[in-house]
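Proteins get letters first, then strands, A, B, ... in listed order; numbering begins at 1 in each. Owing to the predicted nature of the structure, the values given are computational and were not obtained by experimental measurement.
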Number of protein chains: 2
Amino acid sequence: MQKEHNLSKNQKIIFDLIDKSGGPMKAYSILFNVQKKGIKAPLQVYRALDKLVEIGKIHKIESRNAFIACQNSSCQVSKATAFSICESCENVSEISNSKLSKYLSNFSDSSGMKYSKYNLEFFGLCKKCKSK
Amino acid sequence: MQKEHNLSKNQKIIFDLIDKSGGPMKAYSILFNVQKKGIKAPLQVYRALDKLVEIGKIHKIESRNAFIACQNSSCQVSKATAFSICESCENVSEISNSKLSKYLSNFSDSSGMKYSKYNLEFFGLCKKCKSK
DNA sequence: TAACAGTATGTAATAATATAACATTTATAA
DNA sequence: TTATAAATGTTATATTATTACATACTGTTA
Ligand SMILES: [Zn+2]
Ligand SMILES: [Zn+2]
Ligand SMILES: [Zn+2]
Ligand SMILES: [Zn+2]
């Protein structure tokens, strides 16, 4: 069961924008798009992004410095994430594959590290771009 | 067999620095450290880093915006990388686990994406930091 | 050797991403 | 209510990365 977080005003504005965009968005592009709603400074954007990441409503695509709405309703926190990224059209989607997530969540090695989180990014060509 | 790349002067200076450091280094910290060797501008550093990443001598730790020398002699290119990152002391090491790399290199799903590359970052606490 | 192509370098300016510091306001709950 | 945590507003600044343009080096081929 996913905990309901009541988003604050700025958090809601920014989440809705990212969610509606359907893809990854960069912080300053978000800023540009919400200036008409009164959010004027980078820090206002970054604070909302930080919180949204923390509660798992969005994830950061590290290799792109971009943020995408969680496409997996069961993601409560951003602690086990996998994405596929098309290097041609930059389309990104969240992978939800229970075998993969089980495999990675249970991964351990001889280093003595206790893993509590992972982020995996796959790169390649999407169906459309392959056939061009 | 790993192809021998003859590193250029700047590439060699920067690779040696990162390699000797034993851990991840950030671009501007690299810049600071090589100024006495005549490398004065960010672009000189970024160009060398780009090339070193391309040929697999170093990898970028995306979540940290940092670069680490390849610890896996068989990495010819940065196309299948996995790291463990301690969130307390920021120690990073490259994971070379053939089962893991085989599993991820062979991963495919129903999306129609053809994956040619991945990067995986595990986060947690290292042995030392766990016992504090 | 000369001409060429590809790679690397040097330099200045600037773009893009992210955080520090401080004051104030709003929401939550004991 | 009163305390506390969370969120906001604002300015300035730090950090990371690229554009643009000129020059030099390296290896290959005519
Ligand atoms: Zn998710
Ligand atoms: Zn594509
Ligand atoms: Zn490697
Ligand atoms: Zn540690």
Side-chain angles (χ1 to χ4, degrees), chain A residues 3-18 21 23-68 77-78 87 90 92 119 121, chain B residues 3-18 21 23-68 77-78 87 90 92 119 121:
Chain A
K3 185 177 176 216
E4 193 48 53
H5 284 275
N6 295 311
L7 301 183
S8 72
K9 175 173 143 283
N10 289 1
Q11 289 159 16
K12 186 157 178 11
I13 290 169
I14 287 172
F15 174 73
D16 286 347
L17 175 68
I18 299 173
S21 86
M25 291 193 75
K26 310 199 121 205
Y28 278 72
S29 153
I30 292 168
L31 176 57
F32 178 81
N33 278 279
V34 296
Q35 278 179 331
K36 49 184 169 299
K37 304 224 171 187
I39 295 175
K40 291 173 195 158
L43 191 48
Q44 294 175 288
V45 173
Y46 281 104
R47 283 196 284 224
L49 290 173
D50 284 351
K51 186 68 184 186
L52 291 167
V53 166
E54 185 191 322
I55 64 180
K57 299 282 287 181
I58 65 173
H59 304 299
K60 183 171 187 182
I61 310 298
E62 294 287 357
S63 66
R64 298 299 185 261
N65 295 320
F67 300 84
I68 193 169
V77 286
S78 301
E87 289 186 295
E90 295 293 326
V92 174
N119 179 55
E121 298 181 2
Chain B
K3 183 174 177 221
E4 193 48 53
H5 283 278
N6 295 312
L7 301 183
S8 73
K9 175 173 142 283
N10 288 1
Q11 288 159 17
K12 185 156 177 17
I13 290 170
I14 287 172
F15 174 73
D16 287 346
L17 175 68
I18 299 172
S21 87
M25 290 193 75
K26 311 200 120 204
Y28 277 74
S29 153
I30 292 168
L31 175 58
F32 178 80
N33 278 278
V34 296
Q35 278 179 329
K36 49 185 168 298
K37 304 225 173 187
I39 296 175
K40 291 173 195 156
L43 190 49
Q44 296 175 287
V45 172
Y46 281 104
R47 282 196 284 223
L49 291 173
D50 285 351
K51 186 67 183 185
L52 292 167
V53 167
E54 185 191 323
I55 64 180
K57 299 281 288 180
I58 64 172
H59 305 299
K60 183 171 186 182
I61 308 299
E62 294 287 357
S63 65
R64 298 300 186 260
N65 297 318
F67 300 84
I68 192 168
V77 288
S78 301
E87 290 186 295
E90 293 294 326
V92 174
N119 178 55
E121 298 180 1

Q: Got a second to check how far A:L49's CG is from A:I58's CD1, nearest 0.5 Å?
A: 4.5 Å
Q: Closest heavy-atom contact between B:Q44 and B:N10?
A: NE2-ND2, 4.1 Å
Q: List for me each residue that meets side-chain hydrogen bond (donor to acceptor under 3.5 Å, both in side chains) alongside A:E87, sequence neighbours excluded, and say none if there are none.
A: B:K117
Q: Could I get the full list of side-chain contact (heavy atoms from CB on, under 4.5 Å) partners for B:L43, not counting sequence neighbours?
A: B:R47
Q: Can you measure from OH (B:Y46) to CZ (B:F67) and round to the nearest 0.5 angstrom?
A: 6.5 Å
Q: Can you name the residues that form a side-chain contact (heavy atoms from CB on, under 4.5 Å) with B:K12, not counting sequence neighbours?
A: B:L7, B:D16
Q: So which heavy atom on A:K26 is nearest to which on A:R64, and how close?
A: CE-O, 3.1 Å
Q: Give me the atom names and distance for the closest heavy-atom approach of A:V92 to A:I68.
A: O-CD1, 3.7 Å
Q: Measuring only between side-chain heavy atoms, which start at C-beta, is A:S21 closer than 4.5 Å to A:L17?
A: no
Q: Checking all strands, does B:K60 fall into the base, sugar-phosphate, or nothing category for heavy-atom contacts under 4.0 angstrom?
A: sugar-phosphate
Q: Please report how far the helix from C:dT1-D:dA30 to C:dA30-D:dT1 bends, comparing the axis fitted to its first five pairs with the axis fitted to its last five, to the nearest 10 degrees.
A: 30°
Q: Looking at residues at least two apart in the chain, or sitting in another chain, which of them share a side-chain contact (heavy atoms from CB on, under 4.5 Å) with A:S63?
A: A:I61, A:I85, A:E121, A:F123, B:E62
Q: List in chain and number order the residues that pass side-chain contact (heavy atoms from CB on, under 4.5 Å) with A:D50, two or more places apart in sequence or in another chain; answer none if no residue qualifies.
A: none
Q: Check each residue of residues 23-35 of chain B for a non-hydrogen atom within less than 4.0 Å of any atom in DNA chain D, then write out the ones that pass by number, or none.
A: B:K26, B:Y28
Q: Can you check the A:L49 CG to C:dT17 C1' distance for me, whole Å?
A: 12 Å
Q: Look for any protein N or O under 3.5 Å of an N or O in nucleotides 8-12 of chain C and output each such pair with its distance, or none.
A:
from   : atom 1 : to    : atom 2 : distance (Å)
C:dA8  : OP1    : B:Q11 : NE2    : 3.4
C:dA8  : O3'    : B:S8  : OG     : 3.2
C:dT9  : OP1    : B:S8  : OG     : 2.8
C:dT9  : OP1    : B:N10 : N      : 2.9
C:dT9  : OP2    : B:S8  : OG     : 3.4
C:dT9  : O4     : B:R47 : NH1    : 3.3
C:dG10 : OP2    : B:N10 : ND2    : 3.1
C:dG10 : OP2    : B:Q44 : NE2    : 2.4
C:dG10 : O5'    : B:Q44 : NE2    : 3.4
C:dG10 : N7     : B:R47 : NH2    : 2.5
C:dG10 : O6     : B:R47 : NH1    : 3.0
C:dG10 : O6     : B:R47 : NH2    : 3.4

Q: Reading DNA chain D in the 5' to 3' direction, which nucleotide is the first one with an atom under 4.0 Å from a heavy atom of chain B, and which is the last?
A: D:dT16 to D:dA20
Q: Roughly how far, to the nearest 0.5 Å, is CD1 of B:I14 from NZ of B:K51?
A: 14.0 Å
Q: Do B:N65 and B:K60 have side-chain heavy atoms sitting under 4.5 Å apart?
A: yes
Q: If each of A:Y46 and B:P42 is mapped to the nucleotide of DNA chain C with the nearest heavy atom, which maps nearer the 5' terminus, i.e. the 5' end?
A: B:P42
